[in-house]
There are 2 protein chains.
Amino acid sequence: MSQRQVDAERKPASGSGRPGKNGDGAERHEAIHRSISDAIIEHRLKPGARLREDALSEVFGISRTGIRKILQRLALEQLVTLTPRRGASVTRPTAEEAKDVFDARQMVECGLMPEVARRITAADLERLRDMEREERQALKAGEQSSAIKLSAAFHGELARLSGNATLAAFVEQLCSRSSLILAVYGNAGHLGCESHDHDALLRHLEQGDGERARAFMSRHLKAIEASLSIHEPEDESPDLYEIFSG
Amino acid sequence: MSQRQVDAERKPASGSGRPGKNGDGAERHEAIHRSISDAIIEHRLKPGARLREDALSEVFGISRTGIRKILQRLALEQLVTLTPRRGASVTRPTAEEAKDVFDARQMVECGLMPEVARRITAADLERLRDMEREERQALKAGEQSSAIKLSAAFHGELARLSGNATLAAFVEQLCSRSSLILAVYGNAGHLGCESHDHDALLRHLEQGDGERARAFMSRHLKAIEASLSIHEPEDESPDLYEIFSG
DNA sequence: CGGGGAAAAAGCGTATACAATGGGCGGAAG
DNA sequence: CTTCCGCCCATTGTATACGCTTTTTCCCCG
């Protein structure tokens, strides 16, 4: 019916922008993946939201085959949950998963700080300061969505500076999941990362003080985790015996 | 022994083989994934080996669609490399990737040891000892393939005892990639893990000495990495300018 | 008026068909 | 004899069609 179609990435007059015919598929898939991924990270798609294949294929103008591929990838990145015959939905992290993710971040991101402090260059610092500034501006403008995404990007970029691509990719994934966790357990109005924290962290890195950066990152992550209100989700199968036997 | 079901005889040449016939597909896909995964980890499929889709689809008796799905998952796990229009091949890790993987293992596996030491139970110890025994037997019997797989499984199981599913999955992936790295850079006759190491590690864990277990794991991993002969692979695109301008 | 069952509809899983691209091989020319 | 160019085939990328399962809605009966 409605023929709304979203160009995940507008390419200016480079070949035909027609979805049916040409167009390099790999890039397009990548763009669609990022598009959905961003929507999830920015909380424009909330945990539990169902992602029907037909709808997505219509929106992005490709067939269900491509959508399925992207959905599978998102599932492996733990951003969507694929239940066997009920399709895809945005993952709703459990309290346990939340703890695991933050413990993992604690271990990996903190462990990376000394190496980052050793390798960081002036250009890197400048880029990170730009990102931090952008994040703060978004926050001030009330655009929580952008701020969340930028914060995750900041942490990811930091990890990439360690030079270890494997760990950087892992951190990036953890940050995406953290964004999901914030969507479920975060208190409104209290965004995960305080901008001042990022600024202070950069100062420690600038001074090459890896140990202090590590300690600060540890506190930073602990603060985020502590700001969560971990309420067990509505118990799907309450233990009636326990409830009524008391 | 994993259930390998290569139903090659499942060719529906007769009309009875309706395409809609729906046995439980999820389990089958899982089994095929494990089958290919094991073959790679056990070095029965060597790095660089090409994995053609229709060949696989014929071998496993499912259509290319399912094979593609599995191949994509393997690609995200970094076990196979998917080059855009040339299909899939077993990943040939670069020296840099090898370093990244071992650095990551150093950070995560060692970092996990204290928690593992805290949580390990007698039953866990027994199971791990069984695994270690099996591994040693395989090694003694000259079945390097099995030994490699069992060694990876040992490390993975250990990580799982930390209670952190996210980190455990990551470690498992790293171990798989390590197996690939051994295939490329390992010296013949010198398997990655010495069985005695695993035994000693278990003793430390049994005593609840997390710090010693961590230190031991660190040495263990360093030993494996040191046993590799990292030779840059034949340079695919030699820099002719550099060669001839000097 | 509420609950349960049946039928229809909607959505997912799988296979197959078709198109496009890249590589391999052969022929021709230098 | 070697090298380059062009054509054909092999193999992947994408779409579509079809069956099956699950869910939802509606109607009938209690």
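Predicted model, so just to flag it, every value in this text is computed and none were measured. The sequence lines fix the lettering, A, B, ..., with proteins before strands; numbering per chain opens at 1.
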I need the CD1-P distance between A:I67 and C:dC12, as an integer number of Å. 11 Å
Would you indicate what A:G66 reaches in the nucleic acid, counting non-hydrogen atoms under 4.0 angstrom: base, sugar-phosphate, or nothing? nothing
Atom-to-atom span, CZ of A:F60 to P of D:dT14 - whole angstrom: 16 Å
Starting at the 5' end of DNA chain D and moving along, which residue's nearest nucleotide shows up first, B:T65 or B:L51? B:L51
To the nearest angstrom, the CD1-P distance between B:I70 and C:dG13 comes to 14 Å
Whole-Å distance, A:E30 CD to D:dG13 P, equals 14 Å
Expressed as a whole number of angstroms, how long is the span from B:E27:CD to C:dG13:P? 15 Å
Only residue of B:L221, B:V116, B:L158 satisfying side-chain contact (heavy atoms from CB on, under 4.5 Å) with B:E109 is B:L221
In terms of side-chain heavy atoms of B:R86, which of C:dG23, D:dA15, C:dT14 is nearest? C:dG23
So that I can tick it off, tell me whether A:R160 and A:E157 are bridged by a salt bridge, with the cut-off set at under 4.0 angstrom between side-chain N and carboxylate O. yes
Below 4.0 angstrom, N of the basic side chain to O of the carboxylate: do B:R73 and B:E30 qualify? yes
What heavy-atom pair brings A:R119 and A:D124 nearest, and what distance separates the two atoms? O-OD2, 4.2 Å
Nucleotide of C:dT14, D:dA15, D:dG13 approaching B:K69 most closely (side-chain heavy atoms): C:dT14
Within this structure, what is the NE2-to-C1' distance between A:H29 and D:dT12, rounded to whole angstrom? 13 Å
Using a cut-off of less than 4.0 Å, is there contact between a side-chain N or O of B:R68 and OP1 or OP2 of D:dG13? yes
Would you kindly check whether a donor in the side chain of B:R64 faces an acceptor in the base of D:dG13, or vice versa, at under 3.5 angstrom? yes
Short question: side chain of A:S89, backbone of A:G48 - any donor-acceptor pair under 3.5 Å? no
Whole-Å distance, B:D54 CG to D:dC9 P, equals 17 Å
Would you say the side chain of B:R85 and the base of C:dG23 hold a donor-acceptor pair, judged only by whether the two atoms sit under 3.5 Å apart? no
